[in-house]
Amino acid sequence: MALSHVFETPVSGFNFENSTRNILLENVLDEGKTKAPKPLKTGTTIAGVVYKNGVVLGADTRATSSEVVADKTCAKIHYIAPNIYCCGAGTAADTEKTTDLLSSNLTIFSMNSGRNPRVVMAANILQDILFRYRGMIGANLILGGVDCTGNHLYRVGPFGSMDKVPYLAMGSGDLAAMGILEDRFKVNMEVEEAKTLVCDAIHAGIMTDLGSGNNIDLCIITRRGVDYIRPYQESEYKQRRQEKYKYKPGTTPVLTENIVPLELELVHEMVQTMETA
Amino acid sequence: LTTIMAVEFDDGVVIGADSRTTTGAYIANRVTDKLTPIHDRIFCCRSGSAADTQAVADAVSYQLGFHSIELDEPPLVQTAANLFKQMCYRYREELMAGIIVAGWDKRRGGQVYTVPMGGMLVRQPVSVGGSGSSYIYGFIDSNYRSGMSKEECLRFTAEALALAMERDGSSGGVARLAAITEAGLERTVILGNQLPTFFSA
């Protein structure tokens, strides 16, 4: 069944319906006392670097729910196309869904045209989606990939702004990561140097920011293919379990046992034959 | 937010901008290109919200390209400026965009049109915009002369941008300049340490 809404003809002009609706809802519900729910942020450090033969993307793996670590092995580098990957910071659900939507759109494009998608196309589609929602979708994305025109790294902001840059860090740990990148980035680095640089940048974010931590994932994209190393570096603070958490049968004593048979009455019987032709 | 500037001279226009984009107090991009091509000989300088101006510039590029193909000749700078004005005025409550449209066309040569926030459209021989523009109105008013050559315009723009970037916290980085004439387009970048220097206390 072809999903017609994927290639829907866009209505001309800008559509601000959703943002006016949100403001109206806030005013109507509880006479303005109810505010729109605050979206949950992951707290992240993500970084990307363009090197001689491609792009290296890196991310930490911690997802927090306020002050508790909800997921120690969260995957923040999302697949977009065989030659394009995307790191996401901001609201976890938004980055997940937006990158999924982008990936589906580009797959349909690839099938229609028979080509690998270009990174600039992915960035433009993301810009369109995010601008339409006026910043309500909290997705800060680092888009990196290799296509026939070269190696590219784009930053797409939640309001729909796009920057094309050779190196980049985002998330709550971005200030620390950016410090490392500003200090050691050079044009046309070799792959090992680039991997070490991104790893160190994420590591700086993990050390400095409470919302980032655990392992470091790396994704190296070249013309020949993608190397998704998960995890590239494991956290040195992994704790081994102190005790076993499996209990033997019989650990809990049974005090009483009471068996009550359920009486069922057959009311109606219907047989529908399946077509096996 | 920015400092942007455009100057008309006999054969064309010179446009310039700084390269800083900020989110709050953090510089998100220190090498931004705020001079966006709309057509072969028409550029726009963007100030205000990056997302809004990128979206408006994309929409106008499309409309102008379509119009140019229909006409089968290069579009007028005034047409581009009017397209910007229509969009910025209609959505004036929702957008935060101050744009300077500059370029060359066959009918009127080099032209500079300014479309500030709110959606006004006016043609001026020299125009500045963005948060850093407040600091250089005096310099512009006292140093602009009509009939300057391209090199004089480039130096005038570079000095004005350097002064604004020195005083405005939201402007900085490198200075990007472009000269648009009938023959074509020349882009230059002046790195931070190569900018003209002035008296500093």
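From a predicted model like this one, the values you see are computed outputs, not experimental measurements.
- Within the 4.5 angstrom heavy-atom criterion, only side-chain atoms of Asp58(B), from C-beta onward, approach chain A.
- For the pairing with Asp200(A), the side-chain contact (heavy atoms from CB on, under 4.5 Å) check across Ile216(A), Leu181(A), Ile180(A), Asp183(A) returns one residue only, Ile180(A).
- Contacts between Met162(A) and chain B at a heavy-atom distance below 4.5 Å involve backbone atoms as well as side-chain atoms.
- In this structure, Lys164(A) satisfies the cation-pi test against Tyr154(A), with its NZ or CZ atom closer than 6.0 Å to the six-membered ring centre and inside 45 degrees of the ring normal.
- With respect to the salt-bridge test (charged N to carboxylate O, under 4.0 angstrom), the residues Asp60(A) and Lys76(A) qualify.
- Contact of Arg46(B) with chain A is not made at all, since no heavy-atom distance falls under 4.5 Å.
- The closest donor-acceptor contact from the side chain of Asp168(B) to the backbone of Gly132(B) lies under 3.5 Å.
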